[in-house]
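Counting begins at 1 with the first residue of the sequence.
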Amino acid sequence: YARSDAFTLQVPEVSHTPARRNAARINNSYATALQQAIEASLCRSPLTRPGSFRALVQVWVSPNGVIQYSRLVSSTGDAQRDEALVRNLGAARVERPAPSSLRQPVTLLLMPDTTGTRMECTAAKGVSGG
């Protein structure tokens with residue numbers, strides 16, 4: 001949570017003894033569905049794999065879950081990555097309907113990994129390996 005009209009998506013910390021009710025609530029949230037869609041779109045290209053760059057982006061999500069428009073608010077510092085980032089976000093689809101109270105655009109801060117627990121993109125998400 002960043003403020004009333006923004007939130008930060010990050011790889012969740014995994015607990016070895018998760019509470020089932022909390023896990024169910026988190027897994028059913030729109031924020032989780034949006035995060036999964038964004039991660040999958042970023043994993044489509046080694047250039048946009050999460051964890052190696054910082055960028056501020058805004059996305060507009062249609063009622064049926066398609067990201068209709070995305071824009072880069074701050075550059076990653078690499079014009080080729082910036083272009084790929086906007087293109088890949090445009091291919092994202094959120095697998096659940098947005099709540100009617102969702103204020104748009106949704107602002108996302110993509111941050112470099114400084115913890116050594118970088119998200120792994122798997123073949124199912126579009127990219128495997130390094």
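- The minimum heavy-atom distance between Ser70 and Val86, with the atom names listed, is OG-O, 3.3 Å.
- In this structure, the side chains of Val73 and Val57 stay at 4.5 Å or more apart for every pair of heavy atoms.
- Within the 4.5 Å cutoff, no side-chain heavy atoms of Phe53 are placed close to those of Met111.
- At distances below 3.5 Å, not a single donor-acceptor pair connects side-chain atoms of Asp82 with backbone N or O atoms of Ser75.
- Considering every non-hydrogen atom in both Val59 and Gln104, the closest pair reads O-OE1, 4.1 Å.
- Once rounded to the nearest 0.5 Å, the distance linking CZ of Arg54 with CG of Leu109 reads 4.5 Å.
- Heavy atoms from other residues, nucleotides or ligands lying under 6.0 Å from CD of Glu83 number 12 at most.
- The two residues Gln68 and Val61 have their closest heavy-atom pair at OE1-C, 4.4 Å.
- Residues Pro50 and Cys43 meet the side-chain proximity criterion, which asks for heavy atoms closer than 4.5 Å.
- Rounded to the nearest 0.5 Å, atoms CZ (Arg44) and CG (Leu89) are 9.5 Å apart.
- Taking every heavy atom of both residues into account, Leu102 and Tyr30 meet most closely at CD2-CE2, 3.9 Å.
- For Leu85 against Thr48, the heavy-atom pair with the smallest separation is N-CG2, 3.6 Å.
- For the pair Leu56 and Ser74, the tightest heavy-atom approach, listed with the atom from each and the gap, is N-OG, 3.0 Å.
- A distance of 9.5 Å separates CD in Glu39 from OG1 in Thr32, rounded to the nearest 0.5 Å.
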Apply side-chain hydrogen bond (donor to acceptor under 3.5 Å, both in side chains) to residues Asn88 and Ser41 and explain how you reach the verdict. CA-CA 5 Å; Asn88 287 355; Ser41 71; over 6 Å; no
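- By the criterion of side-chain heavy atoms lying less than 4.5 angstrom apart, applied directly or through intervening Ile, Leu, Val, Met, Phe, Trp or Tyr residues, Ile38 is grouped together with Leu72 in one hydrophobic cluster.
- Considering only heavy atoms from C-beta on, Ser52 comes within 4.5 Å of Arg81 through its side chain.
- A heavy-atom distance below 4.5 Å is found between the side chains of Leu42 and Leu110.
- Under a 3.5 Å cut-off, the side chain of Arg93 and the backbone N or O of Asn64 do form a donor-acceptor pair.
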